[in-house]
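To find a chain, count down the sequence lines: A is the first, B the second, and so on, and within it residues start at 1. Predicted, not measured: the structure shown is a model, and the values here were computed from it.
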Amino acid sequence: MLQQTRVNTVIPYFNRWMERFPDLKSLAEADEQEVLRMWEGLGYYSRARSLHKAARLVMEKYQGIIPHDSRVLECLPGVGPYTAGAIASIGYNERTTALDGNIRRIYARLFDLALPLGTKQAEQALQQLAEENLPSGNVGDYHEALMDLGSLVCVPQRPDCGICPLQRDCLAYRNGTVDTRPVILKKEAIPHYVVTAAVMLRDPDLVLICQRPAKGLLAGLWEFPGGKQEKGESLEVCLEREIMEELGARIEINAEFGVYRHAYTHFRVTLHAFLCTALDEPLAKEAQQLRWVPIASLMDYPMGKIDRQISRKLMEKGGNELS
DNA sequence: GATGCGTGGCC
DNA sequence: TGGCCAAGCAT
């Protein structure tokens with residue numbers, strides 16, 4: 001859960017998760033849709049599927065005992081170099097590095113590393129620094145201490161060097177390069193898409209939702225069908241085209257339903273949702289499956305943020321008022 | 001080796 | 001508003 005996610009965001013999810021899945025066995029026996037529902041809102045949903053698979057794998061292959069060896073841990077789905085090192089060092093006090101974003105930043109500043117983060121040379125240098133500076137004992141505490149220092153004091157922007165216990169050892173501080181360490185290569189500006197979605201209603205209170213493909217963005221989650229607006233295309237034409245492409249159906253667009261903005265990692269979207277009626281029976285083409293579900297049951301289906309907002313608005317309004 | 005993958009907080 | 005960033009990993 002903590003991969004690329006702040007502790008304060010994780011805490012409520014972690015507590016709910018541990019209540020529902022108190023051990024590996026309960027997680028291993030759960031079905032994937034429920035796992036995704038428990039994860040909904042945390043993002044990076046492949047983490048949930050990987051964790052689910054890893055639980056099953058540990059139950060089957062390792063008799064329910066999470067391995068101690070970081071090289072073995074790295075073979076588990078969703079477990080890479082950092083997570084393997086964190087489990088081994090924090091969980092089992094094995095003498096292993098656990099190089100996360102915080103610790104990379106701290107070492108880059110302590111040693112005034114000029115190599116851009118993410119390059120092979122920088123990674124090698126950081127890994128070497130991590131190994132050379134690994135204490136002989138209490139490695140888990142060491143890693144947690146550095147991560148806390150990185151998240152509270154040696155933060156990316158405007159670090160609080162005045163209260164840093166490492167100030168006198170910090171080469172970047174001495175050289176006046178704290179603000180430019182670590183060196184981060186500029187990222188491309190992210191595109192902004194306009195997309196449409198159809199809230200297709202059918203008596204008495206059914207609405208059509210589609211399960212997204214098993215790979216890619218929001219994989220396995222449910223959504224209201226639609227897609228990107230093309231150049232020179234009106235929102236209505238866009239929606240009619242998308243529904244024909246995705247579902248092979250003509251629709252009647254009855255009313256605007258809402259406008260939603262959202263920023264993903266690699267793009268932004270403005271989504272226009274419309275209340276619609278199907279003129280043909282929709283078929284699953286790109287979607288894994290389609291389902292006409294009672295509006296009151298929408299919470300049973302894992303969704304991304306925008307589709308969950310649409311769902312909540314639908315549930316508030318109720319089916320009758322809309323059709 | 002580069003790219004894709006969510007969401008929320010801060011400025 | 002938009003950019004930046006967060007206890008990275010898989011492909």
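- Backbone-only engagement by A:Gly41 is indicated by non-hydrogen atom pairs under 4.0 Å involving sugar-phosphate atoms exclusively.
- Across residues 95-111 of chain A, A:Asp100, A:Gly101, A:Asn102, A:Arg105 each have a non-hydrogen atom less than 4.0 Å from an atom of DNA chain C (numbered order).
- Crowding of A:Tyr62 atom OH: a count of heavy atoms from other residues, nucleotides or ligands under 6.0 Å exceeding 12.
- Summarising the geometry, the separation between CD1 on A:Ile11 and C1' on B:dT7 is reported as 16 Å, rounded to the nearest angstrom.
- Straight-line distance between the P atoms of C:dC9 and B:dG8: roughly 22 Å, to the nearest whole Å.
- The shortest heavy-atom contact between A:Ala122 and A:Leu117 is CB-CA, 4.3 Å.
- One finds a salt bridge joining A:Arg181 and A:Asp112 here, because a Lys/Arg side-chain nitrogen approaches an Asp/Glu carboxylate oxygen to under 4.0 Å.
- If you take CD of A:Gln4 and C1' of B:dG9, they are 15 Å apart, rounded to a whole angstrom.
- If you take CH2 of A:Trp39 and C1' of C:dC9, they are 12 Å apart, rounded to a whole angstrom.
- Rounding to whole angstrom units, CG of residue A:Leu117 and C1' of C:dC4 are separated by 14 Å.
- In terms of heavy atoms, A:Ala287 sits closest to A:Cys210 at CB-CB, 3.9 Å.
- Residue contacts for A:His262: at a heavy-atom cut-off of 4.0 Å it reaches the sugar-phosphate backbone alone, with no base atom in range.
- Environment of OH in A:Tyr173: sparse, with no more than 12 heavy atoms of neighbouring residues, nucleotides or ligands closer than 6.0 Å.
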Expected list for residues 94-101 of chain A: side-chain donor-acceptor pairs under 3.5 angstrom, two or more places apart:
from	atom 1	to	atom 2	distance (Å)
A:Arg95	NE	A:Pro135	O	2.9
A:Arg95	NH2	A:Leu134	O	2.9
A:Thr97	OG1	A:Gln127	NE2	3.0
A:Asp100	OD1	A:Asn102	N	3.3
A:Asp100	OD1	A:Ile103	N	2.9
A:Asp100	OD2	A:Asn102	N	3.4
A:Asp100	OD2	A:Asn102	ND2	3.1

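- When the P atom of C:dG8 is taken as reference, atom CD of A:Glu123 falls 12 Å away, rounded to whole Å.
- With A:Arg105 contributing its side chain and A:Cys154 its backbone, the two residues share a donor-acceptor pair below 3.5 Å.
- Atom P of nucleotide C:dA10 and atom NZ of A:Lys215 are separated by 13 Å, given to the nearest angstrom.
- Between A:Ile295 and A:Leu201 there is a side-chain heavy-atom pair separated by less than 4.5 Å.
- With rounding to whole Å, A:Leu51 atom CG is found 16 Å from C:dG8 atom P.
- Each of A:Arg6 and A:Ala84 lies near DNA chain C, and the nucleotide nearest A:Arg6 is the one positioned closer to the 5' end.
- On a pure distance criterion of 3.5 Å, a polar donor-acceptor pair joins the side chain of A:Thr5 and the base of B:dG6.
- Contact annotation: the side chain of A:Gln229 never approaches that of A:His272 to less than 4.5 Å [non-hydrogen atoms, C-beta and beyond].
- Side-chain contact between A:Leu57 and A:Pro77: present, with at least one pair of heavy atoms (C-beta onward) separated by less than 4.5 Å.
- Within the 4.0 Å cut-off from OP1 or OP2 of C:dC4, not a single side-chain nitrogen or oxygen of A:Lys186 is found.
- Ring geometry for A:Phe267 versus A:Tyr193: interplanar angle of 30 to 60°, hence tilted.
- Taking side-chain N and O atoms only, A:Gln157 has no distance below 4.0 Å to OP1 or OP2 of C:dC4.
- Scanning residues 72-82 of chain A for heavy-atom distances under 4.0 Å to DNA chain C yields A:Leu76, A:Pro77, A:Gly78, A:Val79, A:Gly80, A:Pro81, A:Tyr82.
- A:Glu252 meets the side-chain contact (heavy atoms from CB on, under 4.5 Å) test with A:Asn254, A:Thr277, A:Leu279; sequence neighbours excluded.
- Ring orientation note: the planes of A:Phe111 and A:Tyr107 are tilted relative to one another, at an angle of 30° to 60°.
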At a cut-off of 3.5 Å, list every protein nitrogen or oxygen paired with a nitrogen or oxygen from nucleotides 1-5 of chain B, distance to 0.1 Å.
from	atom 1	to	atom 2	distance (Å)
B:dC5	OP1	A:Leu217	N	3.2

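- Regarding contacts with the backbone of C:dC9, every side-chain N or O of A:Ser50 stays at 4.0 angstrom or more from both OP1 and OP2.
- The number of heavy atoms from other shown groups lying within 6.0 Å of NZ (A:Lys285) is above 12.
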Distances for protein N or O near nucleotides 1-3 of chain C N or O, under 3.5 Å:
from	atom 1	to	atom 2	distance (Å)
C:dG3	N7	A:Arg268	NH2	3.3

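- Look at NZ on A:Lys53: it is 16 Å from P on C:dC9, rounded to the nearest Å.
- At the phosphate of C:dG8, neither OP1 nor OP2 sits under 4.0 Å from any side-chain N or O atom of A:Gln3.
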Report the C-alpha separation of A:Asp23 and A:Lys25 in whole Å, then their side-chain angles, then the decisive distance to 0.1 Å, and conclude whether the salt bridge (Lys or Arg N to Asp or Glu O under 4.0 Å) test is met. CA-CA 5 Å; A:Asp23 49 33; A:Lys25 182 169 179 288; over 6 Å; no
